Amino acid sequence: MTVTAAPEAALGVLPRADGSAKYSYAGYTVTASVNGPIEAQRRDEHPYEAHVDVIVRPAAGVGATRERHLESILQSSLTQIILVKNFPRSLIQIVLQVEDTPENDYVNTKLVQASLDFAIMPALFQTAVLALLSAGVPMRATATATAVALVSQDGSKTSVVDPSPRDVEIAQSVHVLAFTSQDELLLAESEGDFTVKEWDEVYETAKQVCCRPVPTKEGMEMVLDDEHTSGPDLRHFLRSTMEQKVASDLHWK
Amino acid sequence: MTTERPLVLPGDTIPPHLIPSSTTKPLRLGPGLRHLPPSDIIPVVAGQLITNHQKNSMWVEYNNNRYLPTPGDLIIAQIHRSGPDFYYCSLSPYTPHATLPHLSFESATKKTRPQLQPGSIVYARVVLANKHMDPEVECVSQSTGKSDGLGELKGGMVFDVSLQFARRLLMAKSREEGKVEVLEALGAEGLAFEIAVGRNGRVWVGGEDPKAVVVVGRALKETDEGRLGVEEQRKLVRRLVKGMK
C-alpha cells in the first residue's frame with residue numbers, strides 16, 4: 001500500500017511567528033512555527049552556540065515520553081544543519097503541531113489518543129526544515145527524510161517507503177533516514193528486528209528517495225522515463241516550494 | 001548587473017560563472033553567504049542570488065521577520081529602562097536589550113543629557129553588533145558630533161512592517177528600485193506627516209493630524225501585507241484618503 005498523493009506545503013501560515021510551514025503527506029499533516037534567534041533561558045544558554053528547542057505536540061492530548069523521544073532525535077539532527085555557532089547564547093525554538101495522522105483501517109479505535117510512532121518522523125522533519133527556511137535561519141544545508149518499513153510477505157521481506165499505520169503494525173522493522181542536500185546521512189533511527197544486510201538495502205532505498213538529483217533542463221526527459229524509482233521527489237519538492245515563496249516575496253524585483 | 005538571478009537554497013553550489021571575478025577589487029560578500037576557506041562560497045538562506053560585477057559583490061536577497069543587528073543600520077528602538085551609564089532598549093521582541101550610552105546624544109554631558117522615560121521611542125544607529133555581545137546603538141554621529149536626525153521621536157505612532165519592506169523604503173531610489181510609491185502618493189494627496197523608517201521593521205509616523213498618521217500607517221501596512229504593485233498603491237491611497245474626509 002503506497003501513497004500516491006504528492007506532498008503539499010504552505011509557508012508563512014502563522015503571521016506572528018518568524019517562520020512557519022504546513023506540510024501534509026502520506027496522511028500526516030503537521031504545522032510548524034520557528035522563532036529565533038531569541039533570548040535563551042539562563043539554563044539553556046550555551047556560551048558558543050544556539051540552543052535548538054524542538055517541541056512536538058500531538059493531535060490530541062498532551063505529549064509524553066514518545067514525544068520527548070522524537071523531540072530529542074529531531075533536536076540532535078536539526079542542530080547539525082543549523083549554523084548554531086553563529087548565534088551564541090540564543091535560542092531557536094521549533095514547535096511542531098501534529099494536526100492529522102492517517103487512520104488504521106484494521107483497528108477500530110474510538111478513543112483518540114496520542115500515539116506517535118516512527119512513521120511520523122519524516123513529516124515532522126520535513127515540516128521543521130521548511131519552517132526554518134521560511135524563517136531565514138542560516139543553515140549549512142537543507143535536508144530530506146523518509147521512512148522505510150520492512151514487511152515480510154510470503155517468506156520474503158519487501159521494503160515499503162512511507163508506510164501506512166497498518167504496514168508499521170505488521171512490519172518487522174521500521175527505519176527513518178534523513179540526508180542533507182550534499183547526500184550525507186544525517187539521521188538513521190531503526191526499530192525492530194533486522195540484519196545488517198537488510199539495513200543496507202533500506203539505506204539504498206531511502207537514499208534513492210531523498211537524494212534524487214535535481215533535474216536540469218536537458219535531463220528532464222530522462223527523469224520522467226525513470227520508472228523504477230518509488231516515492232515522491234522530495235528534493236525537487238523542497239526547491240519548488242521555496243521557489244514559490246521567494247518569487248512572491250520578491251514580487252517587486 | 002546580470003539578468004540571471006537564480007534561486008539558491010542553503011548548501012547549494014554556486015555556478016562559478018556567477019561569482020564576479022575582478023582582479024582589482026576584493027570580492028564583497030553580503031547577507032546570506034558564507035565563505036569556507038579556501039575558496040568555497042555557500043549560501044546559508046533560501047533566496048535570490050544577486051551579483052554586482054561593477055562593485056564586485058554578491059549577496060542573497062530574501063525576506064525574514066527577525067531582525068539581526070548589523071553595524072550602520074538605522075533602527076527604531078524602544079527604551080526599556082535606564083541604567084547608571086546606559087539606556088537599555090529593545091530592537092526586536094524576545095532578544096537581549098541593546099545598550100544606548102547616556103552620552104551618545106548630540107551635545108550631551110553628564111549634567112545635560114536627554115531624560116528618556118521607559119517606553120519612549122528613539123531613532124538610532126547600530127554601532128556595535130557582535131555575536132558574543134549585546135548590540136550597542138547611538139543617536140549621534142561619532143565624527144561630526146551632530147545628531148543627523150537621530151534622537152527621540154516624540155508623539156506619532158509606530159507601525160510594524162516586514163524587514164524587506166523597511167529595506168525598500170530606505171532605498172535611495174525607493175520609487176525606481178524598490179517599487180514603493182505609497183509615500184509620494186500620500187504626499188501628493190496633501191497629507192502632512194513625518195516618517196522615520198527603521199531597518200528592524202518598524203516605521204514611525206508623526207504629524208499634527210492623528211487621522212493623517214493613521215492613514216499613512218495603514219497605507220504602509222496594507223502595501224506590505226498585500227504585496228501591492230505601484231498602480232495598486234496609488235489606488236489604495238486614493239481609497240484611504242477618500243475615506244478619511
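A quick note: this is a predicted structure, and the numbers were derived from the prediction, not measured. Chain naming here is simple, since letters A, B, ... match the order of the sequence lines and numbering starts at 1 in each.
Between A:F87 and B:L68 the shortest side-chain heavy-atom distance falls below 4.5 Å.
Residue A:Q182 touches chain B through its side chain alone, counting heavy-atom pairs closer than 4.5 Å. With a 4.5 Å cut-off on non-hydrogen atoms, B:E225 does not touch chain A at all. Only the backbone of A:A17 has a heavy atom closer than 4.5 Å to any heavy atom of chain B. Contact of A:S248 with chain B is made through backbone and side chain together, with heavy-atom distances under 4.5 Å.
When all heavy atoms are compared, the tightest approach of B:K179 to A:W252 is CG-O, 3.3 Å. When all heavy atoms of B:L228 and A:H251 are compared, the pair lying nearest together is O-CE1, 3.9 Å. Smallest separation of non-hydrogen atoms from A:K245 and B:N63: NZ-O, 3.5 Å. Nearest heavy-atom pair across B:A46 and A:M242 is CB-CE, 3.6 Å. Taking each heavy atom of A:R89 and B:M133 in turn, the nearest pair found is NH2-N, 3.5 Å.
Between the side chain of B:R227 and the backbone N or O of A:D249 there is no donor-acceptor pair closer than 3.5 Å. In this structure, B:Q48 contributes its side chain and A:V246 its backbone to no donor-acceptor pair below 3.5 Å.
Atom CZ of A:R16 sits about 7.5 Å away from atom CG of B:D160, to the nearest 0.5 Å. Between the CG atom of B:N65 and the CG atom of A:L14 there is a distance of 11.0 Å, given to the nearest 0.5 Å.
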>> Before you tell me yes or no, could you show the steps for B:R66 and A:I38 under side chain to side chain contact (heavy atoms under 4.5 Å, CB included), namely the whole-Å CA-CA distance, both residues' side-chain angles and the distance that decides it to 0.1 Å?
In response: CA-CA 9 Å; B:R66 174 71 48 186; A:I38 55 176; 3.4 Å; yes
>> One pair to check against side chain to side chain contact (heavy atoms under 4.5 Å, CB included): A:N86 and B:R34. What are the steps and the verdict?
In response: CA-CA 11 Å; A:N86 282 13; B:R34 177 164 88 119; 5.8 Å; no
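Contacts with chain B were tallied for A:S181, A:G36, A:G19, A:S90; A:G36 has the most, counting heavy-atom pairs under 4.5 Å. Ranking A:L250, A:N35, A:L133 against chain B, the residue ahead of the rest is A:L250, based on heavy-atom pairs under 4.5 Å. Per-residue heavy-atom pair counts under 4.5 Å with chain B were compared for A:A247, A:P37, A:P47, A:S134, and the maximum is reached by A:P37.
For OH of B:Y94, the number of neighbouring non-hydrogen atoms (other residues, nucleotides, ligands) closer than 6.0 Å is 12 at most. Taking a 6.0 Å sphere around CD of A:E8, one finds it holds 12 or fewer heavy atoms contributed by other residues, nucleotides or ligands. Within 6.0 Å of the CZ atom in A:R68, the count of heavy atoms belonging to other residues, nucleotides or ligands exceeds 12.
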